Amino acid sequence: MATKTAIQAVKGTRDFYPEAMAFRNWLYGKIRAISERFGYQEYEAPILERLELYAAKSGEELVKEQSFVLKDRGGDELALRPELTPSLARMIAQRQASLVLPVRWYSFGPFWRYERPQRGRTREFFQWNIDLLGSDSPTADGEIVSIGAEFLRSVGLTPDEVVIRLNSRRLMEQKLAEIGIGAEQRLEVFHLIDRRDRMPPDKWQAWALEMGLSAGQLDALTALLGDSELWRESEELQQVFATAEALGVADYLTYDASIVRGLDYYTGPVFEAYDRGRTLRAIFGGGRYDNLVADVGGDRIPGVGFAMGDVIIELLLERVGKRPKLPTTPSRALVTLFSADLYGQTLALAASLRRAGINVEQYLEPERLSKQVRYADRKGIPWVVILGPDEVAAGRVVLKELASGEQRSCTPAEAIELLKAGQVEHASSPV
RNA sequence: GUGGAUGUAGCUCAAAGGCAGAGCACCGGUCUGUGGAACCGGUUGUUGCGGGUUCGACCCCCGUCAUCCACCCCA
């Protein structure tokens, strides 16, 4: 395409044209509705943070390879946030004395990772974070997982299409210890487990042996990962499942011993949501992090939460045919301009409709009515209001509904009633 | 960061070294008080960008940028 645009958008960013913005705001509306249904409060953190905030616990890869790093004028190293949880931990630590625990917070905003863009992966993405801090109880984990399930349900995804795979790092630590894998090897082995179905089996085994596992340990580990009944040995996992069962979302959950998550700060139950065919990356993922607040300088305040990016969920909804068709114009009606001499009366009519709470767009030139109606049709505006000489003489307007093609002559007051009836909140304004 | 593929009209794609095209979309008209259909007509381009080879380059070569795919990593 020959474009004369000299300045390109930053690699990996997306321009949100109104159609895309309508989807983003629809998603935001679903997120907000589910979060608040469970009593979570909305918050936001800075997009720029000190790099060292992530050095604390996020994992080396995330900090060194995937962060957008820049220096401020004082020479301090800053990063465009690659995730929210460390910022959340900092905010909690700063207010720990005055917060009423447990805290239930959620957020939806932009994040950055310096990766090579491709389908389903951008450098700037939007992410929903939802966290519950201040409770050690597995019912907190159960609540968080269930919120994820309720969200999936709310966007129309069924247990036939998606599944949340659940495990516990605590349980895995115990099982690893039983086969002789101690604390010093634990994180490394978690990374090994995390990557199992993303590598060819022979390479995966070679890697395992390379990090010092014996052939016997490798066999035992492989057996562990295939054991779908392992969760019965974990009281906390039993409680998580029981909570989800009681909340009516158990059909979205399954146990999977191979889920351990890549980030280093998880300490207890962990989970990831996938499409059933597992054709896409994880829809969301999260778990329990009991030491993170202490790690950024606060008291020990345990937490559990998850994060969901906007890119994969959109891709999945598209793929299963459940991406909603959203109106892109907020306009409820187009007020046509019949002729130049009616300009004043036409604008006054539009103004009176707006003051009555109706979203009204005004056609600016007295062009042929066919052009004006056509414009409304193509823009997706459902109603057209016509004020011509006949209407002015009678003190009435003509109201036409495009979908049905029906029209009627009525007084301005009646027009207001008709236009208000069934006027829905536009999708681009979050609920 | 590594490997591979692709860049031609707004979109989807032709043109295989010899005049840059089609469908859809768009604009106008048939139709100066009414959209979607039909018919008629029209516009659509620095062939991503820069260089090279050639009498001649969308086509071949080099570079570059962008997009896509696979690694990597993860939302």
Side-chain angles (χ1 to χ4, degrees), chain A residues 1-14 17 27 31 58-67 81-85 107-130 148 151 191 194-195 198-200 203 261-264 271-274 280-287 305-316 334 336-339 342 363 366-392 397-409:
Chain A
M1 170 174 52
T3 176
K4 286 183 180 165
T5 308
I7 300 175
Q8 291 171 330
V10 173
K11 188 186 183 92
T13 61
R14 289 168 291 169
Y17 288 87
L27 185 67
I31 284 167
S58 296
E60 296 218 342
E61 179 84 25
L62 192 60
V63 177
K64 288 186 183 160
E65 307 289 338
Q66 295 179 243
S67 295
R81 62 183 188 188
E83 60 161 339
L84 188 62
T85 311
S107 183
F108 181 72
F111 293 84
W112 293 78
R113 288 194 190 166
Y114 201 93
E115 296 191 277
R116 189 126 162 194
Q118 55 188 266
R119 189 162 195 77
R121 184 209 285 170
T122 58
R123 287 184 170 180
E124 185 196 42
F125 55 95
F126 284 74
Q127 197 179 65
W128 174 30
N129 280 260
I130 184 160
F151 167 81
H191 282 130
D194 188 48
R195 248 161 270 182
R198 286 177 272 179
M199 294 177 72
K203 280 200 175 165
R261 307 282 297 148
L263 295 176
D264 292 345
F271 54 91
E272 293 176 348
Y274 287 93
L280 298 169
R281 290 178 7 257
I283 303 164
F284 59 72
F306 69 82
M308 180 189 79
D310 65 319
V311 180
I312 292 296
I313 188 73
E314 181 171 10
L315 210 53
L316 176 59
L334 175 74
T336 57
L337 179 58
F338 192 88
S339 55
L342 292 180
Y363 206 90
E367 294 182 286
R368 306 166 40 169
L369 263 187
S370 63
K371 271 192 83 168
Q372 301 191 37
V373 174
R374 187 168 148 83
Y375 169 82
D377 180 45
R378 300 175 66 185
K379 204 101 183 265
I381 303 171
W383 294 84
V384 169
V385 180
I386 299 166
L387 184 69
D390 299 346
E391 287 73 31
V392 170
V397 300
V398 164
L399 199 54
K400 173 168 181 145
E401 185 181 26
L402 291 190
S404 64
E406 286 170 17
Q407 67 180 56
R408 65 166 73 184
S409 170

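Just so we're clear, the structure is a prediction, and the values are computed from it rather than from any experiment. Order of the sequence lines fixes the chain letters, A, B, ..., with proteins taken first and strands second; residue numbering starts at 1 for each chain.
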Please identify each residue that fulfils side-chain hydrogen bond (donor to acceptor under 3.5 Å, both in side chains) with A:R116, with sequence neighbours left out.
none
In this structure, which stretches of RNA chain B are paired as stems of three or more consecutive Watson-Crick or G-U pairs, both distances less than 3.5 Å?
B:1-7 with B:65-71, B:10-13 with B:21-24, B:26-30 with B:38-42, B:48-52 with B:60-64
State which residues pass side-chain hydrogen bond (donor to acceptor under 3.5 Å, both in side chains) with A:S339; sequence neighbours excluded, sorted by chain then number.
A:D341
Applying side chain to side chain contact (heavy atoms under 4.5 Å, CB included), can you list everything that pairs with A:F111, at least two apart in sequence or on another chain?
A:R81, A:L84, A:F125, A:Q127, A:N129
Could you write out each protein N or O paired with an N or O of nucleotides 42-44 of chain B at a distance under 3.5 Å?
none

For A:E115, check side-chain hydrogen bond (donor to acceptor under 3.5 Å, both in side chains) against everything at least two apart and list the hits.
A:Q66
Just jot down the side-chain hydrogen bond (donor to acceptor under 3.5 Å, both in side chains) partners of A:E367, sequence neighbours excluded, or say none.
A:Y363, A:K371
Using the side chain to side chain contact (heavy atoms under 4.5 Å, CB included) criterion, which residues pair with A:R261? Sequence neighbours excluded.
A:R169, A:Y266, A:V270, A:E272
Going 5' to 3' through nucleotides 23-28 of chain B, assign each nucleotide B (protein heavy atom under 4.0 Å from a base atom), S (under 4.0 Å only from sugar-phosphate atoms) or - (no protein heavy atom that close).
---SSS
Check salt bridge (charged side-chain N to carboxylate O under 4.0 Å, His left out) between A:R123 and all other residues, then give those that pass, not counting sequence neighbours.
none
Applying side chain to side chain contact (heavy atoms under 4.5 Å, CB included), name anything that partners A:E124, two or more places apart in sequence or on another chain.
A:T13, A:P110, A:W112, A:F126
Suppose the criterion is salt bridge (charged side-chain N to carboxylate O under 4.0 Å, His left out): which pairs have a residue in residues 373-392 of chain A, not counting sequence neighbours?
A:E361-A:K379
